[in-house]
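What follows is a single structure, written as structure tokens, with notes after it.
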Number of protein chains: 2
Amino acid sequence: MAQGVGTRPRGAGRAQLHETALRLFARDGVEGTSLQSIADDMGVTKAAVYYHYRSKDDLVLGVLAPLFEELDALITRTEAHRGRQARLDEFLTGIVGLIVDGHSRFAVFAGDPYVGRLIMSHHDLLHWFHRIVAAVGADTDVPGRAALLIFLSGMTAPLKDAGVSGLPTAEQRHLLLECGRRLLQVRRR
Amino acid sequence: MAQGVGTRPRGAGRAQLHETALRLFARDGVEGTSLQSIADDMGVTKAAVYYHYRSKDDLVLGVLAPLFEELDALITRTEAHRGRQARLDEFLTGIVGLIVDGHSRFAVFAGDPYVGRLIMSHHDLLHWFHRIVAAVGADTDVPGRAALLIFLSGMTAPLKDAGVSGLPTAEQRHLLLECGRRLLQVRRR
DNA sequence: GTCTATAGAAGGATAGAC
DNA sequence: GTCTATCCTTCTATAGAC
């Protein structure tokens, strides 16, 4: 069956490259991972990597691309709800799912200094963040924004803990969701 | 006045080196900061940096050293309290203080992949984490540990937000403390 | 689609003059 | 305490054979 644009079968090598690169990025950081080490891990040479992407930056963006799409869809879904509580719930559920099932893509996205700078100059991370902030109604509310930031940037940490990563993913989701709800619950003065 | 061990005045250059290195580490990540760029920023040469530290790893540890001492003191102080609630309170207040007043030392410590690996092989980060976990009584409690991890690793994010970093430090402390309390409050089933 | 070979830049680190 | 000069390694990236 034809599966997309063009006739060329878009290599299985590409999928393996994504998988390998993501794993090393998550473990050693993007700047701590050379194209050489990726190639070594795959048992090929650097030049084989350059066949798929013409620069390291491109590779990083390529690896993160699926996350960008899912993030975009989640925000759109969130914006469709009415009422802050409903939006918060949709967003939290969705983002927790992305993190637990995302094979550490989110950790690389949110935790790596190199990625931060890269995104800032390509996709504009700020645009997404503003949409998120507005979608959950935290744009006029400094404490709310602070809580959201803590959650977004801290959320991936428990998954590296042995006691948590050993749990079934359903429980991981539940655990993170609990934390998110506790942290982001609106407070009346 | 004699001020410490030895006769040599432990240069003012060293203090400036610490300040510069910390600023660049926080902005670009440790691996994204070359000794060359540090030297350039200070208006000296690489060799001048090597006078103070014999390797980059040593420089990183030197820059973080004050944090290690403060962290150690805080944990000891926390362990002295009786009752989980009192310990949690002492710890939260202390750690928030370290982060707000620490000139981004904690951000580099907790957020940089390079530092993670470095500490693992020198000071043993795990030892500290276990002491922290035990001190606030989260060692047998997986959800509690997850919440603690989210807080410790996410806590520095709001301070990079313009709306938060513009506040007086007293309010920043209050804001973070609120989030910590909400997140770490013990839940009965 | 994968390889060898190599260019060219940048990084960490050292020796020794001033 | 800071400099110049240099070494060695590693990195990104390209050219061109198979």
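Bear in mind the structure is a predicted one, so any value in this text is a computation, not a measurement. Numbered from 1 within each chain, the chains take letters A, B, ... in sequence-line order.
Note: CD (Gln36(A)) to P (dT9(D)) measures 15 Å, nearest angstrom. Taking atom CG of Asp40(A) as the reference point, atom P of dT10(D) lies 11 Å away to the nearest angstrom. Tyr53(B) has its OH atom 17 Å from the C1' atom of dG12(C), to the nearest Å. In this structure, CD of Gln16(B) is placed 13 Å from P of dG1(D), rounded to the nearest angstrom. Rounded to an integer number of Å, the gap from Leu59(B) CG to dG11(C) C1' is 15 Å. As a whole-Å value, the separation of Tyr114(B) OH from dG12(C) C1' is 10 Å. Between the P atom of dT12(D) and the CD1 atom of Ile38(A) lies a distance of 8 Å, rounded to the nearest Å. At whole-Å resolution of the value, NE2 in His52(B) and C1' in dA13(C) are 16 Å apart.
Applying the 3.5 Å distance criterion, the base of dG12(C) shares a donor-acceptor pair with the side chain of Lys46(B).
With salt bridges taken as basic N to acidic carboxylate O contacts below 4.0 Å, none links Asp40(B) and Lys46(B). In this structure, Glu31(B) pairs ionically with Arg117(B), as a charged nitrogen and a carboxylate oxygen lie closer than 4.0 Å. We find that Arg145(A) and Asp139(A) are not joined by a salt bridge, their nearest charged nitrogen and carboxylate oxygen being 4.0 Å or further apart.
Comparing Ser55(B) and Gly43(A) against DNA chain C, the residue whose closest nucleotide sits nearer the 5' end is Gly43(A).
For the pair Tyr50(A) and dA13(D), the criterion of a side-chain N or O lying under 4.0 Å from OP1 or OP2 is met. Contact between the side-chain N/O atoms of Tyr51(A) and the OP1/OP2 oxygens of dG1(C) is found at a separation under 4.0 Å. Side-chain nitrogen and oxygen atoms of Thr45(B) include at least one within less than 4.0 Å of the OP1 or OP2 phosphate oxygen of dC3(D).
Phe106(B) is listed as a side-chain neighbour of Leu67(B), based on a closest heavy-atom distance under 4.5 Å.
When each of dC3(C), dG11(C), dA13(D) is scored by its nearest atom to the side-chain atoms of Ala47(A), the top-ranked nucleotide is dC3(C).
In terms of the side chain to side chain contact (heavy atoms under 4.5 Å, CB included) criterion, residue partners of Ile75(A) (sequence neighbours excluded) are, by chain and number, Glu79(A), Trp128(A), Arg131(A), Ile132(A).
Residues Tyr50(A) and Asp58(A) have side chains that never bring a donor and an acceptor to within less than 3.5 angstrom of each other.
Of the residues in residues 20-35 of chain B, Ser34(B), Leu35(B) come within less than 4.0 Å of DNA chain C through at least one heavy atom, sorted by number.
Among Leu118(B), Asp112(B), Val63(B), Asp57(B), the one residue that satisfies the side chain to side chain contact (heavy atoms under 4.5 Å, CB included) test with Val30(B) is Asp112(B).
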